[in-house]
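Below is one structure, written out as structure tokens; the observations come after it.
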Amino acid sequence: MLEIQNVRAGYGAINVLWDLSLSIAPGKLTTIIGQNGAGKTTLLRAMMGLIPVSQGTITLDGKPLNGTPTWDMHKVSMAMIPEGRMVFRDMTVEENLMMGAFAPQHRAHAARNLERSFEMFPRLRERRRQMAGSLSGGEAQMLAMARGLMSDPKVLIIDEPSLGLAPVMVNELFAILKRLKDDGRTMILVEQNTHRAVGVADHVYLMQSGKVVLSQAASEVSLEHLHGLYFARESGATA
């Protein structure tokens, strides 16, 4: 269980998250929704140690993550697939994937996880010797996701995976997310496509101005109510 309790975080003197609390259940897909500026990416960065937490706690299975450097997150089995893909353009597809298993404790299983990646993303097998910079946006997103899975993380964080993708690639992406969910992978998905995000999720959080304004099982979410909160046509928190 990943627990965020009463967290405040931001950038220098600018605070973004305000006493924010949420829970990520193991083996489930949790979706975090909100408009630009709601604090979603700031929350992910705080989870991954990219920015400091000024107040509150972040724990994984009861162990505190506060103060853990980003480069040590692999030791607690957390991985993040950032917005914008961020692949190594001048390296091949296979070399990019192997970077996901660069840490010593992951190298022993690198060959097995590489084959799993190719099974899940067969297009990457076809392009394994191709430079990552020559991939389409959808293929680069697949590569970023496969690279994140190379360490077989306990918690996988995915930031805006459908951004800028063609509809056919969005369909393929969400099919893969559902497959990972059905396999029992613990995932945190930040996504602005509310319909698709709620459709694949187990639990939904809606953020506004650095706070959670809705927390609900995905099966109980009313998209009309969600969109009313999302566009600030309604007010009030739901737990």
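Not measured: the values here are computed from a predicted model. Numbers for residues simply follow the sequence, beginning at 1.
Looking at Ser162, its side chain never comes within 3.5 Å of a backbone N or O of Val170 through a donor-acceptor pair. Under the 3.5 Å distance criterion, the side-chain polar atoms of Thr186 are matched with a main-chain donor or acceptor of Gly27. Judged purely by atom type and a 3.5 angstrom limit, Asn66 uses its side chain to pair as donor or acceptor with the backbone of Gly56. A distance-only check finds no donor-acceptor pair linking the side chain of Thr92 to the backbone of Met131 [under 3.5 Å]. At least one donor-acceptor pair closer than 3.5 Å links the side chain of Asn15 to the backbone N or O of Leu17. Looking at Thr59, its side chain never comes within 3.5 Å of a backbone N or O of Pro64 through a donor-acceptor pair. One N or O on the side chain of Asn113 and one on the backbone of Met150 form a donor-acceptor pair closer than 3.5 Å. The backbone N or O of Gln216 lies less than 3.5 Å from a partner atom in the side chain of His203, making a donor-acceptor pair.
Note on Ile24: it clusters hydrophobically with Ile58, by side-chain heavy-atom contacts below 4.5 Å among ILVMFWY residues. Using a 4.5 Å cut-off between side-chain heavy atoms of Ile, Leu, Val, Met, Phe, Trp and Tyr, with links allowed through other members, Met207 and Ile157 fall into the same hydrophobic cluster. Grouping the Ile, Leu, Val, Met, Phe, Trp and Tyr side chains by contacts below 4.5 angstrom, directly or via other members, places Met187 with Phe174. Under the 4.5 Å side-chain heavy-atom criterion for ILVMFWY residues, a single connected hydrophobic cluster contains both Leu180 and Leu114. When the side chains of ILVMFWY residues are joined at heavy-atom separations under 4.5 Å, either directly or via intervening members, Leu50 and Leu22 end up in a single hydrophobic cluster.
The two residues Met47 and Ile4 make their nearest non-hydrogen contact at CE-CD1, 3.7 Å. In terms of heavy atoms, Ser54 sits closest to Ala9 at OG-N, 4.2 Å. The two atoms that bring Lys40 and Ile32 nearest to each other are CD-O, 3.9 Å, heavy atoms only. Looking at every heavy atom in both residues, Arg127 comes nearest to Glu139 through NE-OE2, 2.9 Å. Nearest heavy atoms, Val7 versus Val53: CG1-CG1, 4.0 Å. Between Pro161 and Gln141, the shortest heavy-atom distance links the atoms O-OE1, 3.2 Å.
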Decide side-chain contact (heavy atoms from CB on, under 4.5 Å) for Met169 and Met142; before the verdict, give the C-alpha distance in whole Å, the side-chain angles of both, and the deciding distance to 0.1 Å. CA-CA 10 Å; Met169 294 305 302; Met142 291 180 185; 3.2 Å; yes
Between Tyr230 and Gln192, is the side-chain contact (heavy atoms from CB on, under 4.5 Å) condition met? List the steps. CA-CA 10 Å; Tyr230 187 99; Gln192 289 197 19; 3.9 Å; yes
Just do the side-chain contact (heavy atoms from CB on, under 4.5 Å) check on Met78 and Leu65 with the steps written out, would you? CA-CA 11 Å; Met78 286 182 63; Leu65 297 182; 3.5 Å; yes
Could you go through Glu115 and Arg125, starting from their C-alpha distance and side-chain angles, then the distance that decides it, and tell me whether this counts as salt bridge (Lys or Arg N to Asp or Glu O under 4.0 Å)? CA-CA 9 Å; Glu115 185 58 31; Arg125 186 192 298 275; 2.7 Å; yes
Is there a salt bridge (Lys or Arg N to Asp or Glu O under 4.0 Å) between Arg123 and Glu172? Walk through the geometry before answering. CA-CA 12 Å; Arg123 204 171 307 183; Glu172 192 167 343; 3.2 Å; yes
Could you go through the side-chain contact (heavy atoms from CB on, under 4.5 Å) check for Asp152 and His106 one step at a time? CA-CA 8 Å; Asp152 200 17; His106 303 313; over 6 Å; no
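The structure places OG of Ser23 at 5.5 Å from CE of Met1, a figure rounded to the nearest 0.5 Å. Within the model, atoms CG of Leu143 and CZ of Phe88 stand 10.0 Å from one another, a figure rounded to the nearest 0.5 Å. Annotation: the span from Ile81 atom CD1 to Met86 atom CE amounts to 12.5 Å, rounded to 0.5 Å. For the atom pair CG of Leu189 and OG1 of Thr31, the computed distance is 4.5 Å after rounding to the nearest 0.5 Å. Distance check, rounded to the nearest 0.5 Å: CG of Leu226 to CZ of Phe231 gives 9.0 Å. Here Leu29 contributes atom CG and Ile158 contributes atom CD1; the two are 7.0 Å apart, rounded to the nearest 0.5 Å.
At most 12 non-hydrogen atoms from other residues, nucleotides or ligands lie less than 6.0 angstrom from CZ of Phe102. For Asp90, the CG atom sits in a loose shell: 12 or fewer heavy atoms of surrounding residues, nucleotides or ligands are nearer than 6.0 Å. A 6.0 Å sphere centred on NZ of Lys181 holds more than 12 heavy atoms belonging to other residues, nucleotides or ligands. Counting heavy atoms of neighbouring residues, nucleotides and ligands inside a 6.0 Å radius, atom CZ of Arg89 does not exceed 12 of them.
Of the charged side-chain nitrogens involved, none lies within less than 4.0 Å of a carboxylate oxygen, so that Glu191 and Arg196 do not count as a salt-bridged pair. Ion pair Arg8/Asp19 flagged as a salt bridge, since at least one NZ, NE, NH1 or NH2 atom sits closer than 4.0 Å to an Asp/Glu carboxylate oxygen. Residues Arg179 and Asp182 are not paired through a salt bridge, judged by the lack of any N-O separation under 4.0 Å between the basic side chain and the carboxylate.
In the model, His227 has a side-chain atom that pairs as donor or acceptor with a side-chain atom of Thr194 under 3.5 Å. Judged by distance alone, the side chains of Thr57 and Glu3 never bring a donor and an acceptor atom under 3.5 Å apart.
Using a 4.5 Å cut-off on side-chain heavy atoms (C-beta onward), Gln105 and His74 make contact. Within the 4.5 Å cutoff, the side chain of Arg129 has no heavy atoms near those of the Val93 side chain. Contact check for Arg116 versus Leu149: no side-chain heavy atoms found under the 4.5 Å cut-off. Looking at heavy atoms from C-beta onward, Ile176 lies in side-chain contact with Met120 at the 4.5 angstrom threshold.
With Tyr205 as the fixed residue, the side-chain contact (heavy atoms from CB on, under 4.5 Å) test singles out one of Leu214, Val213, Thr30, Ile188: Thr30.
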